[in-house]
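Down below is the structure, laid out as structure tokens.
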Amino acid sequence: MFSVNRIFTINRPISRTDLLTQMAKSLHEDGFVKESFLQGVLDREAEYPTGIDMETHSIAIPHTEFEHVNKTGFAVAINHAGVEFHRSDEPDSVVKPTVVVLMAIDPSCEKVAVIQSLFAPLSDIEQGNKIARKSPPENAKLFTEAISTR
């Protein structure tokens, strides 16, 4: 579900759309999502933003509907460039998430279980900072071990 090829370190300023495009493209190239996935993510992000303020730091967990997904997979971006996401609870406000996890969840998985399991490595600022310093192989292993699909 997680691969070194789908873990990105963003060090230069880019737009949220460019970041999501890069991440979605990696999922598409690996066969996890359909051609329509990116537009589905962008449309959903416009209506239901996914930036989450954790008080000490922020994260973003963009996703879209099952119809755009072939099989469950993830892309992760370590956001050193300050790419902004609108907040899920206050859409007029923005956050600069440390970690962005783009989810492609198929119908066989329980989306709530996946999101809850993502919070374990992402909810704590120390853990978030460790993730930001880890190598792609280390992060692929960490997320693979953390995620529950049921």
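FYI, side chains are in, hydrogens and waters are out, and symmetry mates aren't considered; it's all heavy atoms of this structure. Everything quoted here is computed from the prediction, not taken from an experiment.
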ask   = Is the side chain of Asn79 donor-acceptor paired with the backbone N or O of Pro97 at a distance under 3.5 Å, no angle test?
value = yes

query = Among side-chain atoms of Ser26 and Glu29, is any donor-acceptor pair under 3.5 angstrom?
reply = no

ask   = Going through the checks in order, is the side-chain contact (heavy atoms from CB on, under 4.5 Å) test met by Arg87 and Val94?
value = CA-CA 5 Å; Arg87 288 177 53 168; Val94 296; over 6 Å; no

note = Note: with side-chain heavy atoms under 4.5 Å as the link, the other cluster members for Val114 come out as Met1, Phe2, Ile7, Ile52, Met54, Ile59, Ile61, Phe66, Phe74, Val76, Ile78, Val99, Val101, Met103, Ile105, Ile115, Leu118, Phe119, Leu122, Ile131, Leu142, Phe143, Ile147

key: Side chain Glu84, main chain Arg16, donor-acceptor under 3.5 Å   = no

ask   = Regarding Ser36 and His68, is there a side-chain donor-to-acceptor distance under 3.5 Å anywhere?
value = yes

query = Is the NZ atom of Lys134 crowded by more than 12 outside heavy atoms at less than 6.0 Å?
reply = yes

ask   = Between Pro49 and His86, which heavy-atom pair has the shortest distance, and what is it?
value = CB-O, 3.2 Å

ask   = For the residue pair Ala132 and Thr98, what are the closest heavy atoms and their distance?
value = CB-CG2, 4.2 Å

query = Do any N or O atoms from the side chain of Ser117 and from the backbone of Ser148 form a donor-acceptor pair under 3.5 angstrom?
reply = yes

inquiry  = How long is the straight-line distance from CD of Glu45 back to OG1 of Thr64, given to the nearest 0.5 Å?
reply    = 10.0 Å

Nearest-0.5 Å distance, CZ of residue Phe8 to CE of residue Met23 = 7.0 Å

ask   = Under a single-linkage rule joining Ile, Leu, Val, Met, Phe, Trp and Tyr whose side-chain heavy atoms are separated by less than 4.5 Å, which residues share a cluster with Ile125?
value = none

inquiry  = Are more than 12 heavy atoms, taken from residues, nucleotides or ligands other than Lys111, located less than 6.0 Å from that residue's NZ atom?
reply    = yes

query = Just wondering, do His28 and Leu38 contact through their side chains at under 4.5 Å, heavy atoms?
reply = no

inquiry  = Rounded at 0.5 Å granularity, tell me how far NE2 in His63 sits from CZ in Phe37.
reply    = 9.5 Å

query = Does one side chain, of Thr149 or Glu110, offer a donor that lies under 3.5 Å from an acceptor on the other?
reply = no

ask   = Between the main-chain N or O of Val95 and the side-chain N or O of Ser58, is there a donor-acceptor pair closer than 3.5 Å?
value = no

note = The complete set of ring pair (Phe, Tyr, Trp, His ring centres under 6.0 Å) pairs with one or both residues in residues 88-117, sequence neighbours excluded, reads none

ask   = Picking from Ile14, Thr21, Leu20, what satisfies side chain to side chain contact (heavy atoms under 4.5 Å, CB included) with Thr17?
value = Thr21

key: Donor + acceptor pair across side chains of Gln39, Asp43 (<3.5 Å)   = yes

message = To the closest 0.5 Å, what do you measure between CD1 (Ile10) and NE2 (His80)?
response = 9.5 Å

key: Polar side-chain atom of Asp53 near backbone of Glu55 as donor-acceptor pair, under 3.5 Å   = yes

inquiry  = For Ser135, is there any backbone N or O sitting under 3.5 Å from a side-chain donor or acceptor partner on Glu138?
reply    = yes

ask   = Step by step, would you call Leu27 with Arg6 a side-chain contact (heavy atoms from CB on, under 4.5 Å)?
value = CA-CA 7 Å; Leu27 286 164; Arg6 293 189 311 276; 3.6 Å; yes

task = Taking the side chain as every heavy atom from C-beta outward, state whether Val41 and Leu102 have any pair of such atoms under 4.5 Å apart.
result = yes

inquiry  = Between Phe85 and Leu19, is there a side-chain heavy-atom distance shorter than 4.5 Å?
reply    = yes

ask   = If you measure from the Lys or Arg side-chain nitrogens to the Asp or Glu carboxylate oxygens, is any gap between Asp106 and Lys71 under 4.0 Å?
value = no

